[in-house]
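This structure is a prediction, so every number in the text was calculated from the model and none was measured. Every chain is numbered from 1, with letters handed out A, B, ... down the list of sequences.
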Amino acid sequence: MPPETRQPARRRTLPTWDFAIVGVLLAVLVTAGLSVEGFAASRNIGFLLLDVLVIALIALPLTLVVVTGEIDLSVASTVGLTSAVMGSLWVSGLSLELIVVLCILLGGVLGAVNGLLVTGFGLPSLAVTIGTLALYRGLAFVVLGDQAVADFPADWTGWAIGSLGDTGIPNAVLPLVLLAAVFIVVLHATPIGRGLYAMGNNTEAAVFAGIAVRRTKFWLFVATGAVSGLGGVFWTLRFASARADNATGLELLVVAAVLLGGVSIFGGSGGLFGVLAAVLLLGSLRNALQLVNVSSDALNVLTGLLLIISVVVPAVLARRRSRRRPRGRPAVAGSATSTNGPSPEAESADRTKGTT
Amino acid sequence: MVGAAVLFVSACGGGTTRGSETADGGSGPTATGEADPDAEIPAGLSVTFLPKQLNNPYFGVADAGGEEAVTEFEGEYSEVGPSEASASSQVSYINTLTQQGVDVIATSANDPNAICGALNQAREGGAKVVTFDSDTDPGCRDVFINQASAEGISSAQIDMLVEEIGESGEVAFLSATANATNQNLWIELMEEQLAEEYPDIEVVATVYGDDEDEKSFQETQGLLQTHGDLDAIISPTTVGLAAAARYLSGSEFQGEVTLTGLGTPNQMRAFIEDGTVNRFALWNPADLGYLAAYAGAALSAGQIVGAEGDTFTAGRLGDYTVGADGEIVLGDPTVFTSENIEEFDF
């Protein structure tokens, strides 16, 4: 069964990256805790968690999407459109309970549009979701213009920035933990999860193995949209401000976290533990460096460098592996001829090795 | 005082309110205790400027003014901020400042509400919050430094007009959009002042360039063709002033028709140099930042608590009084001419 034949290769390579990210995270936490004043304070940990919460939330379903070899770049625009709709529904007088449900459903519908275009029409998800990135953001401005709706009830906005007792852990971490548990089980402990890796490694083989590739991918896009909708609700409440430009650019941070977490952009490998560690790593670095007054421009440079490292290092490792164990595949040719850093051919060849 | 804050350099999202409920901004800490005007500014006061975004020349100048003031009262100045001016990007910086326990946060808000929760957490931690240029909900800060009052802005423009054309002639307004609250208020005040003090100056038209460069350019062209005896154009908006100057500088009317209004020195420098425009006005952002820093220090020292009527001295700018809603008005706009424009870079 193809999914099973994929497992050994994945086990050999990926825990290394997962462990590395968790290790780097622990190193950053310990270093910052000891050397940056105020970093380890419970209030600061709360601030840190609030900053990364929406990124972590959306990274959960997006990881599954990327594992299947697809991408969704429209997530931040979905957050913005949800926020705008939430604001206008609130002004129109609906109850917040109903609005929250409608917003999550709206996110699901927006995800379904992506899913339909990708699976129904067979279009590349990169192109589709770049299109809906612009479309959903545009719609957000149609809904709310440059207005802001701010008068949400204080007990709701207070909950969004409040914490559990004196722990400093934000209330909003609860739904995150719940959702994380669901996605971790699905990806790492069910046949569905194994099917996702199979799709990412070789879609045709997955189809022949009887996996409902199109249907599964469709529902993954729906889930990504719905979770982004939930992210929009939380974002709006946390900042007590429904705006069409909320979360602009957030998709890059989510994708950065997913790739840094060890998920291959070509699909077929990676896992949620690495991704969640990467989210925390990016957030802790930013928080600690802010506390020592490093400028935001330098922080952006650092995020960019980490992203490049997260793409380059696995490629280099893959090249070294394929050198050690020649497989008589293009991977060897690629690595033998290229001496100036990793080549994309070597990378993709390694990711798809043994798919015949 | 007519109306509250009138902002145009920083015009950002307004607020929509549900039904008859109003935004409840009063939940944060409020001014308590008595002001002691004679209190000393404590040494080593940490003052952090958090602009709408870094790398924005306007805030670069404002924050430099803040640094000048902090140096004068021997505090510790720093500047932090997001690299993009989004509504929520300022929050994590405010959280960091809360954690660091800074004494004064001087900020210009990208959104009047999005940073409220974070600012109130900072205030509960002991920080004094001064907004400048762009206010938050009054419940989230101690004082707001307003660049100028509507009266100050409009009378400065009339003064410039009269200096150029004397006490009689025809004048037209080139405004932004027809429903821009601040523009309409200024134009109304200017018309009132003209009617009362200079009855021989006639307002022949008010046109709208919608703050679009090309439309403003075309409206200027239209004005000059329609009104052959036009003596002057006043454009109380930076986009309109620059576009009108560009049209005039390439037309037969250069030097013949007076143009004045509100603009930034960098946009208008070339037109001052080539004689298209002799004078225009805007507040001085360096003074804005300078006053914000002193107001923060006065709050920290206890000289003021942010209540109406509190007074304090802001270094070289002199004495200030806190107005209603904790608002402090910087003063009259700065008039830029060929004499002083080289001193400004924003």
Margin query: What I want to check is whether the side chains of B/N113 and A/S241 have a donor and an acceptor closer together than 3.5 Å.
Written below: no
Note to self: Checking A/N287 against B/Q99: is there a side-chain donor and acceptor pair closer than 3.5 Å?
What the structure shows: no
Note to self: If you count heavy-atom pairs within less than 4.5 Å of chain B, which of A/T248, A/D245, A/I161, A/D297 leads?
What the structure shows: A/D297
Given side chains that start at C-beta, do those of [X] and [Y] come closer than 4.5 Å, heavy atoms only?
X: A/Q290; Y: B/N95; value: no
X: B/V91; Y: A/F239; value: yes
X: B/L54; Y: A/S296; value: yes
X: B/S92; Y: A/F47; value: no

Item checked: Toward chain B, the part of A/N44 with a non-hydrogen atom under 4.5 Å -> both
Margin query: For A/L48, which atoms come within 4.5 Å of any heavy atom of chain B: side chain, backbone, both, or neither?
Written below: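 Neither the backbone nor the side chain of A/L48 comes within 4.5 Å of chain B.
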Note to self: Quick check on B/T98 against chain A: is it the side chain, the backbone, both or neither that has a heavy atom closer than 4.5 Å?
What the structure shows: both
Item checked: Part of B/S86 lying under 4.5 Å from any heavy atom of chain A -> neither
Check: Got more than 12 heavy atoms from elsewhere within 6.0 Å of CD, A/E97?
Finding: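 Count over threshold, so yes.
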Check: Is B/N184 atom CG crowded by more than 12 heavy atoms from other residues, nucleotides or ligands, each under 6.0 Å away?
Finding: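 Yes.
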